[in-house]
Structures are given as structure tokens and as C-alpha cells.
Amino acid sequence: MPPLTRYHIKMGLMYFILSLFMGVMLVAQPLFDLSTDVLGLRPVFFHFLVVGWITQIIIGVAHWMFPKKSKENPRGNILFGWIVFFALNIGLVLRGFGEPLSLMYPDTIWGWALVLSAVLQSLAGWLFVVNIWGRVKER
């Protein structure tokens, strides 16, 4: 298994554990008389679950299992692969902090953290598609 695949899968598992913990916190809110999502955890929970866990696992497995591009360059541009990994995960961390903090402190820099998060995650998605596109072919 290539190192990039291992890192994507391990980070995906981390986001899975984090999202499970956040899910428990969201379900337990009525026990603490919190009628609304005070900390803004609901969007972070869904984002960590879908992008952090599911999407990251898909990217890691696709990097590993898709047909090889060529003998010289079997997995495409490895630099793009690492940029995808770091951009996706930095974007997720920014989302994890930016969402609740922008709710607690509106009109501060935390709103821009959400913008940067979206840009980084979009960049990761586009670079992944560009890098994997040539590997989607007939046998």
C-alpha cells in the first residue's frame, strides 16, 4: 500500500472517530438543556463524516487501486497527491475550528477561516480529479 494511501486512510479513520464523538455530543444536547446547536457542531459533524471520513477513504483507495497511469509514473503526479492530502486536511481543520468560532465571535477573522477552508478543500477536489483522470481507462 503506497504511503499516500496509508495517510489518507488513517486520517479518514481519525475523522470517523471524531465525527462519532461529535454525533454523541449532538444527541446528548437535550440532556444538558441545549435546545439548539450552540457550538455549531452539526455542520462540522457532517463535514467531518462526509469529507473527512468517506471522501478521504475514497481518495486513498482510488490512489491505490485505480489502474496505473504508466510504468514510469504509475500513480500520476505524486506532488499533486500530497497537495490533495494537505489541502484537504488543513481545510477540514480550519472548518472544524472556524465554524464554531465564527458563530461565537461573528465579524471576526474566523469567517475568513471558513472561506479559506472551502478554497483548500475545493483545490484538493480539483487536483484529485486532475491527477486521477488519466487513470480511468479501459483495460
Side-chain angles (χ1 to χ4, degrees):
M1 184 181 296
L4 186 57
T5 294
R6 286 195 316 268
Y7 281 103
H8 272 294
I9 290 174
K10 285 182 178 184
M11 285 303 291
L13 292 169
M14 297 294 289
Y15 282 110
F16 183 55
I17 295 299
L18 253 169
S19 62
L20 289 175
F21 176 72
M22 293 171 80
V24 169
M25 288 175 53
L26 287 167
V27 170
Q29 282 182 343
L31 298 174
F32 301 105
D33 292 329
L34 299 174
S35 58
T36 61
D37 186 11
V38 177
L39 297 176
L41 291 181
R42 189 169 312 280
V44 177
F45 161 74
F46 284 115
H47 212 76
F48 279 9
L49 189 65
V50 174
V51 178
W53 156 240
I54 298 169
T55 303
Q56 190 137 233
I57 294 290
I58 290 169
I59 288 172
V61 171
H63 177 75
W64 177 31
M65 299 298 292
F66 273 36
K68 296 194 179 346
K69 187 171 185 175
S70 66
K71 288 187 186 220
E72 307 81 39
N73 194 11
R75 292 196 167 81
N77 187 331
I78 197 70
L79 177 61
F80 278 12
W82 285 109
I83 292 172
V84 166
F85 176 78
F86 285 110
L88 185 67
N89 285 290
I90 291 169
L92 282 164
V93 169
L94 284 172
R95 177 75 185 243
F97 284 105
E99 191 81 43
L101 290 171
S102 68
L103 284 174
M104 289 191 290
Y105 306 108
D107 300 326
T108 62
I109 197 162
W110 291 110
W112 286 103
L114 291 176
V115 173
L116 181 57
S117 166
V119 168
L120 287 171
Q121 291 176 74
S122 295
L123 172 70
W126 280 104
L127 280 179
F128 170 71
V129 169
V130 165
N131 203 27
I132 205 83
W133 191 269
R135 294 176 63 187
V136 180
K137 56 187 174 184
E138 283 188 49
R139 287 188 159 246

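No side-chain heavy atom of R75 sits less than 4.5 Å from a side-chain heavy atom of F66. Looking only at side-chain heavy atoms (C-beta outward), L41 and M25 come within less than 4.5 Å of each other.
Sorted by first and then second residue, the pairs that involve residues 99-122 and meet salt bridge (Lys or Arg N to Asp or Glu O under 4.0 Å), not counting sequence neighbours, are R95-E99.
Applying ring-ring contact (aromatic ring centres under 6.0 Å, His included) to Y15 and the options F45, F21, F48, F46 leaves one that passes, F48. Partner L120 forms a side chain to side chain contact (heavy atoms under 4.5 Å, CB included) with one of L88, V115, I90 and no other, that one being I90.
Rounded to the nearest 0.5 Å, atoms CG (L13) and CH2 (W53) are 5.5 Å apart. To the nearest 0.5 angstrom, L94 atom CG is 11.0 Å from N89 atom CG. To the nearest 0.5 Å, the span separating CG on L127 from CD1 on I132 amounts to 12.5 Å. Separating the CD1 atom in I9 from the NE2 atom in H63 is a distance of 10.5 Å, to the nearest 0.5 Å. How far CZ of F97 is from CH2 of W110: 7.5 Å, rounded to the nearest 0.5 Å. Note: L92 CG to Q121 CD = 4.5 Å, rounded to the nearest 0.5 Å.
Remark: the backbone N or O of N77 is paired with a side-chain donor or acceptor of N131 at under 3.5 angstrom. The main-chain N or O of G98 is found under 3.5 Å from a side-chain atom of S102 such that the two form a donor-acceptor pair. No donor-acceptor distance shorter than 3.5 angstrom exists from the side chain of T5 to the backbone of V61, with no hydrogens or angles considered. Between the side chain of R135 and the backbone N or O of G76 there is no donor-acceptor pair closer than 3.5 Å. A donor-acceptor pair under 3.5 Å is absent between the side-chain atoms of T55 and the main chain of G52, judged by distance alone.
Heavy-atom contacts from other residues, nucleotides or ligands closer than 6.0 Å to CG of L20 number more than 12.
In this structure, the ring of Y7 has its center less than 6.0 angstrom from the ring center of W82.
Hydrophobic clustering (side-chain heavy atoms under 4.5 Å, transitive across Ile, Leu, Val, Met, Phe, Trp, Tyr) groups F85 together with L18. A single hydrophobic cluster is not seen to contain both I17 and M22; linkage of ILVMFWY side chains at heavy-atom distances under 4.5 Å, directly or through other members, places them apart.
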